[in-house]
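Working notes, beginning with the structure itself.
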Amino acid sequence: MKKLFEYADQYIQQSDWKDLAMIKFCLAAMGVLIGVSLPKKHRKTALWIAGGVFAATYLPLMAKFFRIAAGRGRAFTDA
């Protein structure tokens, strides 16, 4: 398992934002495919779980993005 994480770290280091965007679109499409294949009685539960996972991951990601953007924004205006 440790080797797998090393490969993942190396992959990320060699990727740019376009590669990461493609991964996100791929995973989103997979989620949609799984979602539409669920029986109707389980869709509401899946919606709540997906919403919780989205909120739990999106908020920290955006907080980090805005911290980085704020730090770099000053560097660009100083140059």
Side-chain angles (χ1 to χ4, degrees):
M1 190 62 131
K2 184 178 179 182
K3 199 69 168 166
L4 182 63
F5 287 130
E6 289 175 15
Y7 293 144
D9 287 338
Q10 186 176 3
Y11 181 85
I12 292 294
Q13 289 173 358
Q14 295 178 15
S15 298
D16 63 1
W17 69 268
K18 292 175 256 180
D19 296 321
L20 299 176
M22 285 194 305
I23 290 170
K24 288 178 177 260
F25 280 117
C26 176
L27 291 173
M30 184 188 306
V32 169
L33 291 171
I34 291 169
V36 298
S37 68
L38 287 174
K40 202 165 194 97
K41 67 179 182 175
H42 296 298
R43 287 186 189 165
K44 192 176 239 183
T45 303
L47 177 68
W48 281 104
I49 292 170
V53 170
F54 174 79
T57 56
Y58 185 75
L59 295 174
L61 287 169
M62 287 298 101
K64 180 178 181 178
F65 174 78
F66 287 123
R67 277 196 311 273
I68 290 169
R72 293 196 181 192
R74 282 184 245 116
F76 287 131
T77 57
D78 292 340

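Bear in mind that the values here come from a model prediction, so they are computed numbers and not experimental data. Start at 1 with the first residue, then count along the sequence.
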ILVMFWY clustering at 4.5 Å (side-chain atoms), partners of L47 | none
Side chain to side chain contact (heavy atoms under 4.5 Å, CB included) partners of E6, counting only residues at least two apart = K2, K3
Smallest separation among heavy atoms of P60 and A55, with atom names | CD-O, 4.1 Å
Same cluster or not: are F65 and F54 linked, directly or through other Ile, Leu, Val, Met, Phe, Trp or Tyr residues, by side-chain heavy atoms under 4.5 angstrom apart?
-> yes
Heavy-atom nearest pair, Q14 first then D19, reads O-OD2, 4.4 Å
Passing candidate, side chain to side chain contact (heavy atoms under 4.5 Å, CB included) with K40, options R43, H42, K44 | R43
Excluding I23, membership of its hydrophobic cluster (Ile, Leu, Val, Met, Phe, Trp, Tyr; side-chain heavy atoms within less than 4.5 Å) reads Y11, I12, L20, L27, M30, I34
Can you measure from CG (L33) to CG (L38) and round to the nearest 0.5 angstrom?
-> 11.0 Å
